[in-house]
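Structure, as structure tokens:
One-based numbering, in listed order, for ligands and for the atoms of each.
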Amino acid sequence: MSRCLLVFALIVPFAAYSQKVPKQSQVNIQKTSLSRDQEMQLGKQFAGQVEREMEVVHNPDIEKWLNQIGQNLAKTPQANAYPYYFKLVNDDSINAFALPGGPMYVHTGLLKAADSEGEVAGVLAHEMSHVALRHSAAQISKQQTYGTLFQIVGLAAGTLTADQNGQCGMVCQITQAGTSLGQNSLLMKFSRGYEHDADLNGARMMSSAGYDPIQLPQFFEKLEKTQGTAAEPKGLALWMASHPATGSRIKYVSDDIQFYPQRTYKASTGDFARIKKIVATVPPPKPQPGKLIQPKENASGRTTVPAGMKDYPANGFSIAYPSTWQAGQAEPGGSLYVVPQGGVSKGQNGGVELVNGAMIDYYVPQAGAGSTNLDASTKEFLDGLQKGDPNLKTEKSQRVQIGNKTALKTRLTTKVSVQQDPDQVVYLYTIARPSGLWYAALAGQKSKMSDLDPIFTQMAGTIQFPD
Ligand SMILES: [Zn+2]
């Protein structure tokens with residue numbers, strides 16, 4: 001009898017047998033040609049870009065709470081030991097995203113849409129899983145765009161001149177401290193396979209951290225169900241675009257949960273209700289520098305500009321410039337350059353150096369945009385420039401009126417990396433604005449200043465602010 005059973009067992013086809021024993025799905029960390037260090041460097045660059053365009057909410061209670069949840073998830077084995085950090089951005093669309101290497105941003109709209117701490121933890125765990133499983137890094141290296149990510153896209157053809165010795169002058173350094181990529185490239189859409197893996201890895205991460213993992217797919221499906229309702233069409237479209245539906249999330253996460261060790265899920269800061277109340281009091285976002293220097297949509301410019309000049313109507317100011325010059329950003333979200341032919345050169349390290357022409361941007365003081373003060377912030381800005389440029393000499397600032405605002409005008413001298421005629425004169429105008437210290441650097445090689453001086457004076461006279 002027993003012998004008979006044994007024979008029977010042996011002849012059961014393997015495939016039929018294995019169907020009866022469920023196996024836990026495997027989740028893979030993607031292979032990528034980016035090193036962990038490169039991932040983190042990219043993440044840092046993207047983060048700079050994000051924070052120039054979106055307002056980070058500096059509220060100690062919310063920051064502490066988000067990081068408490070996030071760091072609890074970050075120490076699980078599923079988080080793959082990246083240096084995660086968590087910031088709240090002032091945007092009422094429902095979204096959250098993590099950048100390669102670990103910076104993570106949660107929209108105010110997401111916290112407003114969540115009904116429990118576990119739902120927020122679920123979104124963090126899912127987004128962190130994209131980082132841990134190296135999804136962005138794999139996608140970037142697959143698209144072969146990463147070679148260009150470390151470079152600067154370049155102004156309109158013809159304005160760039162090759163840099164002789166690869167050195168980087170003052171204005172070049174300002175640019176490098178700036179940003180890199182447009183948002184479109186950051187908010188990448190992942191494949192269904194990646195989404196599925198991020199769900200499973202995220203659910204396992206939640207379980208390891210003591211959160212009920214089923215809240216992850218439940219929240220995602222809740223958001224999917226409300227798609228198209230009048231309440232949040234824009235936000236949900238954004239969320240759905242970066243998180244395509246992958247079939248029943250609840251179903252496949254439930255299947256996965258069968259394999260988790262039995263435990264009761266007790267993780268909670270106990271602060272969710274209090275934090276929701278604080279989030280509801282955050283005032284609407286102030287426009288950020290990255291937006292303010294972009295050209296205003298559908299604006300045709302002022303008709304009152306001097307003859308021979310064109311207008312650049314930006315969201316935060318207007319300036320006119322000679323019509324033979326070009327205006328544009330060397331990189332999405334970066335500083336505005338207004339230059340004649342050959343006015344900027346490109347350094348070997350990827351930076352753009354202003355040789356002749358104007359560069360306009362905002363400097364956000366270390367203590368935040370709200371602390372902007374004309375004298376103190378100008379001094380902080382100049383001190384920073386001086387640290388990065390040993391050739392830089394500054395003269396005493398003068399108070400002048402620019403576009404009905406009180407400005408400081410500071411004459412600087414430095415050297416550019418152009419071998420012939422490296423001495424450069426810069427007139428720096430600074431004005432305190434709600435979003436930071438607005439500045440225009442009007443710069444030229446010393447030998448060209450007799451031509452440039454009257455142009456700069458004329459340009460400065462056309463600067464206007466909308467208020
Ligand atoms: Zn996702």
Exercise for the section: Give the atom name of whichever N/O/S atom in H126 sits closest to the Zn ion (ligand 1). Expected result: NE2
Practice task
Check the side chains of S35 and D37 for a donor-acceptor pair under 3.5 angstrom, ignoring hydrogens and angles.
Solution key: no
Exercise for the section: Report the angle formed at the Zn ion (ligand 1) by atom OE2 of E195 and atom NE2 of H130, rounding to the nearest 10°. Expected result: 90°
Exercise for the section: Return yes if a side-chain donor-acceptor contact under 3.5 Å exists between E39 and Y82, otherwise no. Expected result: yes
Problem - Whether H135 has an N, O or S atom under 2.8 Å from the Zn ion (ligand 1) - result: no
Practice task
Please examine the side chains of Y105 and L99, heavy atoms only from C-beta on, and report whether any two atoms are closer than 4.5 Å.
Solution key: yes
Exercise for the section: Could you label the plane-to-plane angle of the H126 and F220 rings as parallel, tilted or perpendicular, counting under 30° as parallel and over 60° as perpendicular? Expected result: tilted
